[in-house]
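For reference, the structure discussed in these notes is given below.
In the text below, chain A, chain B and the rest are named by the order of the sequence lines, each starting its count at 1.
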Protein chains: 2
Amino acid sequence: MREKELRRSMSVLPIGTVMKLTDLTARQIRYYEQQDLIKPVRNEGNRRMYSLNDVDRLLEIKDYLDDGLNISGIKEVYKKQEQLEDERKKNLQKGLTDSDVRKILQDEFMNIGGLKPPSSTFDNPNNFHKFNE
Amino acid sequence: MREKELRRSMSVLPIGTVMKLTDLTARQIRYYEQQDLIKPVRNEGNRRMYSLNDVDRLLEIKDYLDDGLNISGIKEVYKKQEQLEDERKKNLQKGLTDSDVRKILQDEFMNIGGLKPPSSTFDNPNNFHKFNE
DNA sequence: AAAATGATGTCATAAAATATAACATTTGGG
DNA sequence: CCCAAATGTTATATTTTATGACATCATTTT
């Protein structure tokens, strides 16, 4: 559903609406922007316009702050997240899926000591491979 | 997905945004409201606030006008639509589905002249019943 | 403890967006 | 040609937002 994503990223909400949806003050919202946590677009009249994704992120920021993180911490969280997404993109470009990558990591494990793959409980909940031992 | 509906009906868009999304002028949007085709809510400051459903309806209105309908015609269309929805609700309350209702109508037909159900071409495209005559 | 810093509040000022109402224009049908 | 429907235009008042400065409060740092 590509259309949904598009709509979630359309900047159509004025700051007043965002204040209500997030229960944040304009001061807070602008401050988080100043700290590069969000980047609302500006309309022709220089008013900030927000997307639903922006609203989600602001709600996230609120949660992180409630959890005791400070702005710097939140910034780090998003930096890591971006790195992760970049890696995923790179692999996708190479035609690899997440599960492909998992297999590769497993193979690397195998070659370390000539061992079998670890097959975590998560990947193989019922340990079926054990019947082949 | 009940949440989706809720979000589509949240009045969060100022008229400026709606203008861009629909390519209508403020004058037109307010005029259609005056004609009871839409009913945006007002915020504390008396500004009209629109939902995504409102935007959809405005786009519909645009299409109808392009098709040569006038405001009165469009009003009729929406009146009929409401009537239909009301009927559906009533039947749903009685625990009847659409196909139940169709059966009931067929039965009524039968009793008119002690005849078999009509089985319209739509319901029986190949007229299979004819082989039983 | 004092000072510094981070996060937010508050206030003043300017600009942009919207509401309302009145009058003007356009367009299609009788 | 005239009328009415749909829309444009303009003026005025109010609301909303942007920006920047200064204030406050809590937490760290020194």
Side-chain angles (χ1 to χ4, degrees), chain A residues 10-79, chain B residues 10-79:
Chain A
M10 282 195 315
S11 297
V12 292
L13 309 173
I15 200 169
T17 293
V18 176
M19 289 172 63
K20 283 178 199 153
L21 293 179
T22 62
D23 205 41
L24 292 169
T25 66
R27 182 68 166 88
Q28 289 173 303
I29 297 170
R30 296 195 196 107
Y31 181 66
Y32 303 152
E33 174 186 355
Q34 195 184 326
Q35 302 300 319
D36 294 314
L37 290 178
I38 46 171
K39 320 197 191 325
V41 309
R42 300 293 185 112
N43 71 1
E44 321 72 49
N46 197 38
R47 269 82 234 280
R48 292 171 177 84
M49 300 300 283
Y50 299 84
S51 69
L52 287 177
N53 281 333
D54 290 330
V55 172
D56 281 346
R57 171 159 286 214
L58 285 169
L59 291 172
E60 262 183 39
I61 292 171
K62 243 180 71 155
D63 284 344
Y64 281 134
L65 289 174
D66 284 345
D67 286 353
L69 294 218
N70 61 13
I71 303 280
S72 302
I74 300 174
K75 240 185 277 193
E76 279 306 313
V77 168
Y78 287 135
K79 194 182 292 178
Chain B
M10 283 195 312
S11 297
V12 293
L13 309 173
I15 201 170
T17 293
V18 176
M19 290 171 64
K20 283 178 197 153
L21 293 178
T22 61
D23 206 41
L24 292 168
T25 66
R27 183 69 166 91
Q28 287 173 302
I29 296 170
R30 297 196 196 106
Y31 181 67
Y32 303 152
E33 175 186 354
Q34 194 183 327
Q35 303 298 319
D36 294 313
L37 290 178
I38 44 171
K39 318 196 194 326
V41 309
R42 300 294 184 109
N43 71 2
E44 321 72 48
N46 197 38
R47 267 84 235 275
R48 293 170 177 85
M49 300 300 285
Y50 300 84
S51 69
L52 287 175
N53 281 332
D54 290 330
V55 172
D56 281 346
R57 172 158 285 214
L58 285 169
L59 291 172
E60 261 184 41
I61 292 171
K62 245 180 70 157
D63 284 345
Y64 281 132
L65 289 173
D66 283 347
D67 287 353
L69 295 218
N70 60 13
I71 303 279
S72 302
I74 299 173
K75 240 186 280 195
E76 280 306 313
V77 168
Y78 287 135
K79 194 183 292 179

> How do B/Leu69 and A/Arg27 order along DNA chain D: which one's closest nucleotide is nearer the 5' end?
Replying inline: B/Leu69
> With a 3.5 Å cut-off and just heavy-atom distances, do the side chain of B/Arg47 and the base of D/dT14 make a donor-acceptor pair?
Replying inline: yes
Measure across [X] and [Y] and return the closest heavy-atom pair with its distance rounded to 0.1 Å.
X	Y	value
B/Asp54	B/Pro40	OD2-CA, 4.3 Å
B/Lys75	B/Leu37	CG-CD2, 3.9 Å
B/Leu21	B/Leu59	O-CD2, 4.1 Å

Quickly work out the [X] [atom1] to [N] [atom2] distance and round it to whole Å.
X	N	atom1	atom2	result
A/Gln34	D/dG20	CD	C1'	11 Å
B/Gln28	D/dG8	CD	C1'	10 Å
A/Tyr31	D/dA21	OH	P	16 Å
A/Glu33	D/dT17	CD	P	14 Å

> Nearest to the side chain of B/Tyr32 - D/dT17, D/dT16, D/dT7?
Replying inline: D/dT7
> Among D/dT7, D/dT16, D/dA18, which is the nearest nucleotide to the side chain of B/Asn43?
Replying inline: D/dT16
> Within the structure shown, what part of the strands sits under 4.0 Å from B/Thr25 by heavy-atom distance: base, sugar-phosphate, or nothing?
Replying inline: sugar-phosphate
>> Under 4.0 Å, heavy atoms only, any strand: does B/Arg30 hit a base, just the sugar-phosphate, or nothing?
In response: base
> Going 5' to 3' along DNA chain C, which nucleotides are the first and last within contact of chain B (any atom under 4.0 Å from a heavy atom)?
Replying inline: C/dA17 to C/dT20
> Between B/Arg30 and B/Glu33, is the closest basic N to carboxylate O distance under 4.0 Å?
Replying inline: no
>> Strictly below 4.0 Å, N to O, side chains only: are A/Lys79 and A/Glu76 in salt-bridge contact?
In response: yes
> So which one's nearest nucleotide on DNA chain C is more toward 5', A/Glu44 or A/Asn70?
Replying inline: A/Asn70
> When you measure from the centre of the six-membered ring of A/Tyr78, is the NZ or CZ of A/Arg57 under 6.0 Å away and within 45° of the axis?
Replying inline: yes
>> Side-chain N or O of A/Arg48 versus OP1/OP2 of D/dT19: is the shortest distance under 4.0 Å?
In response: yes
> Going from OG1 on B/Thr22 to CD1 on B/Ile61, what distance comes out if it is rounded to the nearest 0.5 angstrom?
Replying inline: 9.5 Å
